[in-house]
Amino acid sequence: MSALGFIVRRIGAAILSLFAMSILVFLIIRLVPGDPVRTMLGFRATDENVARLQHELGLDQPMLSQYMSWIAGLFRGDLGQDIVSHAPLSELLLQRLPVTLELAGLSMTLAVLFGVPLGVLAASGGPWSKRLTEGFVVLGISIPDFWLGIMLVLVFSGILVVLPPTGYVPFAQSPLENLRYMALPVLTLAIGEAAYVLRTTRGAVINVMGRPFVTFLRAKGISPRRILFGHALRNAGPSIVTVVGIQVGVLLGGAIIVETLFALPGVGRLVVTGINQRNYPVVQVGVLAIATIFIVVSLITDLIVGWLDPRVADGMMQ
Amino acid sequence: MTGMATLSGVNDRARRQIIGGGAVLGTLILVAVFAPVLAPYDPESMSVREVMGAPSLAHPFGSDVLGRDVLSRVMYGLRSSLAVAISAIVSSFIVAVPIGVLAGYFGAWVDSVISRMLDMILVFPAMLLAITLIAILGPGASVAAIAIAVIYLPILARVTRASTLVVVRQDYISGSRARGASHLRVLWTHVLPNSLGPVVVQASVLSAFAMQLEAGLSFLGLGVQPPNPSLGSMLADGRDVLNQAPWIEIFPGLTIMVAVLAFSFLGEGLRRALDPKGVAE
Amino acid sequence: MTAMLSLERLSVSFAGEAGPSIVVDDVSLTLEKGEIFGLVGESGSGKSTIANAVMGLLPASATTSGRIQLNGRETTGLDENDLRNLRGREMSMVFQDATTSLDPTWSVGEQIAETLRAHQSLSRGAARARTMSLMHEVGIPNAAQRYRDPPHRFSGGQRQRIVIAAAIANEPKLLIADEPTTALDVTIQAQILELINGLRHQHGTSVLLITHDLGVVSETCDRVAVMHRGRILETGPTRDVFGNPSHPYTRALMAANPAWSRRGSRLPVVPREWSIEEVRHD
Ligand SMILES: Nc1ncnc2c1ncn2[C@@H]1O[C@H](COP(=O)(O)OP(=O)(O)OP(=O)(O)O)[C@@H](O)[C@H]1O
Ligand SMILES: [Mg+2]
């Protein structure tokens with residue numbers, strides 16, 4: 001099988017996932033027990049208001065045509081309206097998305113920048129570096145990330161008073177201030193992720209170092225550094241990238257909490273407020289956005305794995 | 001070679017992990033169960049004089065913004081957090097095992113249909129799926145438990161399927177079938193008991209994640225609802241007075257962490273003991 | 001003339017849970033320049049351990065005594081850096097399974113070029129050109145097009161040729177081949193042996209050929225040593241050892257392999273109670 005075939009097949013799978021996900025998101029509002037519109041309107045639920053909102057949301061149409069026109073709207077960039085403010089949801093999303101993308105992107109970058117070298121160290125270093133990294137992994141995986149965030153606030157804002165505890169400044173307005181506000185949320189998410197990246201890197205590198213081709217490399221007089229970084233890490237690459245792809249899902253979930261904790265105006269916080277206000281269209285848009293990011297990132301990481309390991313793209317491994 | 005191995009044949013490290021993790025977890029569960037007896041105060045009784053009182057002999061963990069005893073609330077919070085996490089994993093286990101065994105035992109189209117449906121669930125990041133389900137069904141402890149159960153369903157079912165495949169390939173299964181045993185009988189007497197080990201391992205590892213997930217949902221106000229305390233919602237309550245009364249935040253968080261560590265150690269130990277081939281991921 | 005390789009009273013033991021186990025026991029042998037020397041013996045007799053001792057690739061759990069001299073230079077006691085300079089340049093080794101000897105994520109060309117650049121200061125372009133001529137020399141057609149291909153796109157025999165090309169890239173004077181043909185089918189085996197034989201003729205490479213296959217030895221090797229449980233029982237010119245085996249163990253090996261020109265048959269385990277007295281056919 002050719003590399004092109006691999007790419008096409010993988011993109012096809014991603015489109016299927018997007019389709020399945022869109023159905024679930026579409027159903028959110030329709031699965032609410034009882035009358036979702038009455039729930040949304042609360043005390044304003046006069047018969048007249050209910051009928052109007054039902055019509056606005058298209059809930060009086062047959063299911064299939066509801067879905068078709070919803071999807072058609074998505075492709076036109078029409079995500080519907082906020083039922084409270086009547087603002088177009090596409091604008092709301094465009095404001096919120098950069099915050100979440102910056103938070104998730106910076107956290108994952110930091111996690112990889114620390115996790116990969118520490119993982120190599122854990123695989124190849126002495127007993128002390130092994131013990132220390134093991135401790136970091138156990139703690140990093142066990143500390144609930146939002147509690148870690150609270151403790152970071154306690155230390156960096158409460159005791160040391162060097163970073164602001166909550167709030168947000170757009171990057172375009174002041175890059176430096178933006179980073180100051182982002183520092184604690186990013187660190188909160190990055191520490192846990194770094195632990196996973198470290199653990200995966202360590203396992204994969206140890207596994208590769210035990211393979212026969214490493215003995216052949218030594219028999220050819222290749223230096224230990226080169227064997228470790230040029231060969232072992234390169235072979236560990238696909239496992240690391242796969243785990244990064246999976247962990248992006250965890251990270252996006254964590255971002256929902258961390259955005260709430262640090263009062264960052266991102267998509268995650270949007271979803272939480274949407275739930276509290278029973279503003280289902282807002283919830284739908286937020287869930288749709290986060291799930292789409294996850295599916296696209298998974299696609300990209302799978303393609304990178306195929307590029308890093310030629311056997312995958314040649315169809316020799318799934 | 002049935003599900004539960006005795007501890008005698010297990011290596012030292014596994015035994016230490018199982019006994020250590022189990023002991024801590026057992027203590028936490030006892031505290032949770034007997035919270036009404038053990039708690040020094042009513043977790044909901046407020047006292048103006050005690051508002052944000054620092055830890056003292058009378059209130060070892062201090063008091064919160066409403067003057068409630070943090071230690072008592074931690075005990076009750078642990079009670080609801082553990083209840084949600086454990087009931088979620090147990091229900092997930094009960095649904096996942098039959099699904100996974102069917103997929104692994106019958107294979108072919110049964111397997112494909114089941115696997116495709118489980119894949120659908122995995123399209124969502126776990127936390128997002130939980131929040132989506134809560135958006136539909138409304139916040140609350142039982143909805144949080146259902147959401148967590150649904151999230152881990154595909155993982156537990158997959159491990160069951162993989163472990164069933166290993167068992168089904170063994171000779172005595174086809175032997176029993178050849179001797180005229182019905183599918184149901186073979187499943188019940190051979191397949192099920194021999195494939196449970198790795199699933200139990202996975203379930204105990206996932207319990208650690210369930211604890212964290214529950215805490216996160218309650219922190220967002222989507223899980224256990226007030227006035228019932230939960231470890232997550234206690235963290236949300238004390239967030240604004242962090243600098244004045246950090247004990248309100250420190251103790252519930254530490255408790256979550258200890259519970260998570262206990263579950264992970266138990267899971268790691270069980271993995272070494274029950275799943276030497278590493279079927280559970 | 002100094003020998004290419006000489007082992008003097010080499011012993012190797014491994015630390016184990018039940019105390020140390022002696023795996024190579026007081027072995028002495030010499031390998032002349034330009035010679036192909038066969039090392040035969042049943043599985044577990046210590047052949048690979050000797051090879052690893054020469055290469056300095058024994059694990060930390062091994063204890064070595066005796067002397068190893070490479071081209072007149074003592075290598076026992078050299079530190080890892082000095083050994084690394086010798087490996088791949090003065091001495092090189094190929095292993096049984098070419099499928100697992102190559103890094104699956106690197107192209108074959110890069111793997112050969114890497115070995116060149118580890119020991120010589122060559123530009124990328126020069127290393128590339130030299131790699132292609134090496135690939136051509138070991139019989140890989142279309143070297144220029146196949147330079148960038150990963151190992152899995154080659155057949156088993158081709159992979160072993162590439163392994164050999166990487167091993168001889170810096171023209172080492174000693175090549176140790178540890179069962180280089182065991183994983184291959186018969187016709188390919190013959191081609192690989194011919195390739196190794198050709199190296200000796202063109203570059204004067206000395207070869208230590210480890211094998212189970214008496215047929216291979218009789219066709220390729222100038223001299224042979226027969227090992228049993230860590231000791232050398234019999235050594236001498238191949239024709240003499242096999243034409244007139246003086247040790248009963250050798251006769252048993254040959255008897256167990258009646259058509260021992262037929263390749264690919266592994267040696268069966270023979271009884272352990274042979275008296276251990278060395279026989280030389282010098
Ligand atoms: N790293 C090690 N630690 C402990 N014992 C070892 C180690 N390597 C080899 N041995 C033992 O040394 C003995 C000789 O092994 P060696 O690999 O040298 O045999 P061999 O003659 O090459 O056998 P084969 O023909 O099967 O390759 C065996 O009993 C083996 O178990
Ligand atoms: Mg060997």
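Below, each value reflects all heavy atoms present in this structure, side chains not excepted, and no hydrogens, waters or symmetry copies.
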Largest heavy-atom contact set with chain A, pairs under 4.5 Å, which of Asn243(B), Leu137(B), Val123(B): Val123(B)

Per-residue contact mode, Leu133(B) against chain A (heavy atom under 4.5 angstrom): neither

Straight-line distance of Ile290(A) CD1 to Leu128(B) CG, nearest 0.5 Å: 5.0 Å

Region of Ala208(B) in contact with chain A, defined by heavy-atom distances below 4.5 Å: neither

Winner by heavy-atom pair count (cut-off under 4.5 Å) against chain B, out of Gly274(A), Gly249(A), Gly286(A): Gly249(A)

Proximal component of Phe209(B), with respect to chain A [non-hydrogen, under 4.5 Å]: side chain

Side chain proximity check, Val260(B) to Ile143(A), heavy atoms < 4.5 angstrom: no

Heavy atoms of other groups near Phe251(B) CZ, more than 12 under 6.0 Å: yes

Part of Leu24(A) lying under 4.5 Å from any heavy atom of chain B: side chain

Approximate separation, where rounding is to 0.5 Å, of Leu242(B) CG and Leu154(A) CG: 4.5 Å

Residue part contacting chain A, namely of Pro139(B), when any heavy atom lies under 4.5 Å: side chain

Residues 261-272 of chain A: residues contacting chain B (heavy atom under 4.5 Å, by number): Leu261(A), Val271(A), Val272(A)

Greatest number of heavy atom pairs closer than 4.5 Å to chain B - which of Ser17(A), Gly158(A), Ala291(A), Ser142(A): Ser142(A)

Pairwise side-chain contact, Val138(A) with Ser264(B), heavy-atom cut-off 4.5 Å (strictly under): no

Polar side-chain atom of Trp147(A) near backbone of Glu249(B) as donor-acceptor pair, under 3.5 Å: yes

Heavy-atom contact with chain A under 4.5 Å, split by part of Phe219(B): side chain

Best-contacting candidate, Val32(A), Ile257(A), Asn276(A), against chain B by heavy atom pairs under 4.5 angstrom: Ile257(A)

Qualifying residue, where the test is side chain to side chain contact (heavy atoms under 4.5 Å, CB included) with Thr132(B) and the options are Ile275(A), Leu31(A), Val25(A), Val287(A): Val287(A)

Met151(A) vs Ile250(B) side-chain heavy atoms within contact, under 4.5 Å: yes

